[in-house]
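Notes follow the structure.
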Amino acid sequence: MRFKNSTRLIAAAAVLALLGAACGGDDDDPGDVTAAFVLVGPVGDAGWNWAHDQGRQYAEDETGATTLFVESVPENAEDFKAVAIDYIENEDADVIFGTSFGYMDPMLELAEEYPDVVFEHASGYKMNDSNFGNYFGRMYQPRYLSGMAAGAMTETGRLGYVAAFPIPEVIRGINAFTLGVREVNPTAEVHVVWTSTWFDPAVEGDSAKALLESGADVIAMHQDSTAAGVEAQNAGARWVAYNSDMREFAPDAFITAPVWNWGPRYAATIEAVADDSYTPGSYWGGMADGIVDLAPLADDVPSGIADRINEVSEQIREGEWDVFTGEIRGQDGAVRVAEGATMTDGDMLGMDWFVEGVVGDPGA
């Protein structure tokens, strides 16, 4: 989604190098692979599901594979299994991509039941040694950059964050955003509201409106619809979107957005299935791979801040610095990451605490 072909090709090459050597299809031609995508929401959400569907279409164009998808499958074992089994037994699917956290356990069970099918799970952490792996992106990196832009744009020093569920993925994003905000605006606060939904425009909009009415003048989000942005624009406030470059839905409010580009990953996986080189792993790519990035900034972001964002972005891409490098303090003021230390992937993936500057309960 916000990436040019050259970036995609580089990302595809990087991903291919990570997809080792063991399980998969029976033919070297990716055009003979059938890949099925199970989505938790509608592809028209302009967000998470739209981004995955853009990745599906990219992979189909790049590889010639047959791709199938189903929308709005609930995160429970019964519904997921029914859809996946239908794809396997009636559509001869060679690989199943499950694109939401709640699909993890039923995918693991099906991987054992169907050893000749590859199962790839987005955002999870479980895998086996033959045909079930997981993949995700270091979205916290562009989240931090978006926080820098947001911190420069707030006038009240009070920002709102409409957040789906209190899981490590979402908490990590809130923390990264807040650290970015506070790099340019050290006393600003980020107020969090939990919605307990990934996609519900009414709930998302109401949550954004409540934050705006409480004094927030910038709204960020970890949600799948554009409702928070619409409410921000209606209130004359500003908005940091998520998943894709959503500026067309609230152009006066839009500042930027951390975005996904799943296509190269999907193409690489399909190619590995085709040539029997697939091996399961835990892929967690970053901005250097192109799987995550930052949408172009609004024109009114101060040039000095824009230049600084570009500098930090380059440091991240080159591996010179990463977001969760200390000193970092928690909400209670206690040091959680020492000066000069960087959190391990394991600690980041299990994050269950908020950094200083966040107002809200990480366990709500």
Side-chain angles (χ1 to χ4, degrees), residues 1-2 45-48 139-164 170 173-195 201 203-259 292-310 312-313 355 357-360:
M1 318 196 268
R2 20 155 145 196
D45 63 5
W48 175 261
M139 182 53 75
Y140 66 86
Q141 293 175 341
R143 287 274 191 201
Y144 180 90
L145 302 175
S146 73
M148 293 175 65
M153 301 304 287
T154 180
E155 296 179 0
T156 65
R158 185 184 179 105
L159 300 89
Y161 203 113
V162 183
V170 182
I174 293 168
N175 283 342
F177 176 80
T178 303
L179 291 172
V181 167
R182 287 203 147 196
E183 176 175 328
V184 301
N185 199 330
T187 62
E189 294 182 337
V190 177
H191 293 249
V192 177
V193 169
W194 299 108
T195 65
V203 172
E204 296 168 42
D206 287 345
S207 298
K209 188 174 182 180
L211 287 164
L212 292 160
E213 289 176 347
S214 72
D217 65 346
V218 175
I219 297 293
M221 62 184 234
H222 192 129
Q223 300 285 174
D224 292 348
S225 87
T226 61
V230 172
E231 289 297 335
Q233 179 154 302
N234 289 342
R238 303 304 296 267
W239 170 49
V240 174
Y242 173 51
N243 289 306
S244 71
D245 188 331
M246 295 176 167
R247 74 184 69 223
E248 67 180 284
F249 298 95
D252 295 337
F254 185 85
I255 298 173
T256 187
V259 297
V292 295
D293 209 334
L294 188 71
L297 301 172
D299 291 341
D300 60 343
V301 173
S303 59
I305 296 297
D307 290 343
R308 178 59 182 153
I309 289 172
N310 288 334
V312 176
S313 175
V355 299
V358 180
V359 179

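Side-chain atoms are counted along with the backbone in the values below, which use heavy atoms only and exclude waters and symmetry mates.
In this structure, the side chains of Q223 and Y242 stay at 4.5 Å or more apart for every pair of heavy atoms. Taking 4.5 Å as the limit, every side-chain heavy atom of F249 sits out of range of all side-chain heavy atoms of Q233. Looking at L294 and S146, their side chains come closer than 4.5 Å, going by heavy atoms from C-beta outward. R158 places a side-chain heavy atom less than 4.5 Å from the side chain of S214.
Taken to the nearest 0.5 Å, the CD1 atom of I174 stands 13.0 Å off from the NE2 atom of H191. Rounded to the nearest 0.5 Å, atoms CG (D45) and CG (N243) are 7.0 Å apart. With rounding to the nearest 0.5 Å, the separation of CZ in R238 from CG in L159 is 12.0 Å. Between the CG atom of D293 and the CE atom of M139 there is a distance of 9.0 Å, given to the nearest 0.5 Å. Taking CD1 of I309 as the reference point, atom OG1 of T256 lies at 7.5 Å (rounded to 0.5 Å). We find the CD1-OG1 distance between I219 and T154 to be 10.0 Å, quoted to the nearest 0.5 Å.
A distance-only check finds a donor-acceptor pair linking the side chain of R247 to the backbone of P296 [under 3.5 Å].
G151 and N185 make their closest contact through O-ND2, 3.1 Å (heavy atoms, listed as atom of the first residue, atom of the second, distance). Of all non-hydrogen atoms in V301 and A306, the two that sit nearest each other are CG1-N, 4.4 Å. Across A164 and V170, no two heavy atoms sit closer than the pair N-CG1, 4.4 Å. Of all non-hydrogen atoms in V355 and N175, the two that sit nearest each other are N-OD1, 2.9 Å. Nearest heavy atom pair, residue P302 against residue A152, reads CD-CB, 4.3 Å. Scanning all heavy atoms of the two residues, the minimum distance from A176 to R143 falls at CB-CB, 4.0 Å.
Note: F177 and Y161 have perpendicular aromatic rings, judged against thresholds of 30 and 60 degrees for the angle between ring planes.
A search for ring pair (Phe, Tyr, Trp, His ring centres under 6.0 Å) contacts involving Y140 returns W284, F324, not counting sequence neighbours.
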- [ ] Would you check, one step at a time, whether the test side-chain contact (heavy atoms from CB on, under 4.5 Å) holds for M153 with D300?
- [x] CA-CA 9 Å; M153 301 304 287; D300 60 343; 3.5 Å; yes

Enumerate, atom names and distances included, each donor-acceptor pair closer than 3.5 Å involving a side-chain atom of residues 224-231, sequence neighbours excluded.
unit_1, atom_1, unit_2, atom_2, d
S225, OG, E204, OE1, 2.7
S225, OG, A227, N, 3.1

